[in-house]
Amino acid sequence: MDNDGPSRTALITAYARAYHQIVDRPQIFTDPLAARLLGLTAEELAESGTPTTNHLGDGASDRPRRLFFAARARFAEDAVAAAIAAGVRQVVILGAGLDTFAYRNPLPDLRVFEVDHPATQAWKRERLTTAGIDRPQTLTFVPVDFETQTLKAGLESTGFKPTDPTVFLWLGVVFYLTPNAAHTTLEYIAGQAQPVEVVFDYLQPANSDEEHAHQQTRADRLADIGEPVLSYLTPTDIAAQLRALGFTDLEDHSAPDLITRYLDGSAKFGDEPPRALRAIRILRARR
């Protein structure tokens, strides 16, 4: 990614989440701050939702991907809500990007830690100020450059308590890491106090020539903006890895299944083929 600005994929995801608020019905995920954080009007969002060669419009104009971004956010925040009901009071958002959960959190005793690359985090903080979105006292920014610092050092120097139950949200990140880097993060999460929960998504290798071609085209576009895809994982392999680390209660969903779950029969996923989204799974694990 560009060390002098925000992650491009974080921006693409934010555009998709904001566009979802104005165009998709039923709405899978509600985020009233998404457009404000980007500084976009409804008219500007509508324009970003038209097919374009501009990478930032990709997530908005591609309906299957847009719905998946909404569904994985809903799935993650549903998991947080369930954990809060069980008494958890720490949430860590890894690769937070332009996520807005911390600014919609109504609980004064729920600590939220946003972990991200320093450049993306600095840009986000400027945007928050410009948009007039207050930083709550419950939020802690954790800038971590993984080339020079570990997640453990970054988190535990900012008041995070590894002995307290925690939910980790890790969306839209794993496929940009090497398998070893992803495993190292999972090892750290697995070492926390029980119960610990992690919600993340990953890319499964293509299982047909058509899917492979589509996946390769997308990977080439991401490489062009400096954020190449570095890992593909099968459900069998990731389940074995997680169980070896001590995780149980694995819940793994394909993108179409997750989207359909939240549409709840009130609308169809659509006739457009999910293509690469059929290769995406989302998983929740509780230790």
Side-chain angles (χ1 to χ4, degrees), residues 1-3 6-10 12-13 72 76 92-97 99 113-121 142-158 160 162 166-194 196-207 211-212 215-216 218-255 276 279-287:
M1 63 166 281
D2 184 352
N3 287 330
S7 159
R8 302 293 281 178
T9 51
I12 289 169
T13 301
R72 75 181 182 188
V92 177
I93 306 177
L94 301 174
D99 188 273
F113 298 83
E114 287 195 0
V115 180
D116 215 336
H117 189 278
T120 293
Q121 199 161 86
V142 187
V144 175
D145 184 341
F146 287 99
E147 293 183 5
T148 60
Q149 189 179 17
T150 65
L151 175 61
K152 174 182 171 65
L155 265 179
E156 295 177 22
S157 67
T158 57
F160 172 76
T166 307
V167 178
F168 289 80
L169 305 185
W170 198 18
L171 306 181
V173 178
V174 169
F175 18 92
Y176 302 114
L177 302 176
T178 64
N180 284 342
H183 186 79
T184 297
T185 297
L186 289 169
E187 278 186 314
Y188 174 73
I189 294 172
Q192 307 303 303
Q194 295 188 21
V196 64
E197 189 166 352
V198 56
V199 180
F200 68 97
D201 55 332
Y202 64 95
L203 278 170
Q204 182 178 309
N207 57 19
E211 285 185 8
H212 178 75
Q215 204 170 69
Q216 187 61 54
R218 172 140 182 81
D220 290 343
R221 295 191 70 184
L222 290 168
D224 286 344
I225 61 174
E227 298 179 42
V229 175
L230 298 178
S231 68
Y232 296 92
L233 302 164
T234 68
T236 300
D237 288 345
I238 195 65
Q241 182 182 158
L242 288 164
R243 290 194 173 98
L245 289 170
F247 287 103
T248 59
D249 299 331
L250 310 185
E251 186 180 338
D252 195 342
H253 303 276
S254 70
I280 296 176
R281 297 292 187 272
I282 191 161
L283 183 144
R284 183 174 65 186
R286 181 173 295 141
R287 186 169 180 263

Hey, could you give me the CG/NE2 distance between L242 and H183, rounded to the nearest 0.5 Å?
9.5 Å
Once you round to the nearest 0.5 Å, how far does CG of L245 lie from CG of L186?
6.5 Å
Is the backbone of S7 close enough, under 3.5 Å, to the side chain of E227 for a donor and an acceptor to pair up by distance?
no
Evaluate the side-chain proximity of L94 to F200: yes if any heavy-atom separation is below 4.5 Å, no if none is.
no
Rounded to the nearest 0.5 angstrom, the CD1-CG distance for I238 and L250 is 9.0 Å
With rounding to the nearest 0.5 angstrom, report the CZ to CG distance, R72 to D201.
4.5 Å
How close do W170 and A182 get, counting heavy atoms only, and between which atoms?
CH2-O, 3.6 Å
What are the two closest heavy atoms between Q121 and P143, and how far apart are they?
OE1-N, 3.1 Å
Return the OG1 to CD distance between T234 and Q241, rounded to the nearest 0.5 Å.
10.0 Å
Please examine the side chains of E197 and D249, heavy atoms only from C-beta on, and report whether any two atoms are closer than 4.5 Å.
no
Could you pull out all residues at least two apart from Y188 that satisfy side-chain hydrogen bond (donor to acceptor under 3.5 Å, both in side chains)?
E156
Under the rule for side-chain hydrogen bond (donor to acceptor under 3.5 Å, both in side chains), what residues qualify as partners of E187, not counting sequence neighbours?
none
Do V142 and E114 come close enough that some side-chain heavy atom pair is under 4.5 Å?
no
Nearest-0.5 Å distance, CG of residue D99 to CG of residue L169
7.5 Å
Over all atoms of both residues, closest heavy-atom pair of G154 and Q149:
CA-NE2, 3.4 Å
Show your reasoning for whether side-chain contact (heavy atoms from CB on, under 4.5 Å) applies to H117 and V144.
CA-CA 5 Å; H117 189 278; V144 175; over 6 Å; no
Verdict with reasoning, T166 to F113, per side-chain contact (heavy atoms from CB on, under 4.5 Å)
CA-CA 11 Å; T166 307; F113 298 83; over 6 Å; no
Determine, step by step, whether Y202 and D252 satisfy the side-chain contact (heavy atoms from CB on, under 4.5 Å) criterion, reporting the C-alpha distance in whole Å, the side-chain angles of both residues, the deciding distance to 0.1 Å, and the verdict.
CA-CA 10 Å; Y202 64 95; D252 195 342; 2.7 Å; yes
Which pairs would a plain distance check flag for residues 172-180, meaning a side-chain donor or acceptor within less than 3.5 Å of a matching protein atom at least two apart in sequence or in another chain?
unit_1, atom_1, unit_2, atom_2, d
T178, OG1, A181, N, 3.1

For a quick test of reading the model, state the closest non-hydrogen atom pair linking T120 to D116 and the distance between them.
CG2-OD2, 3.5 Å
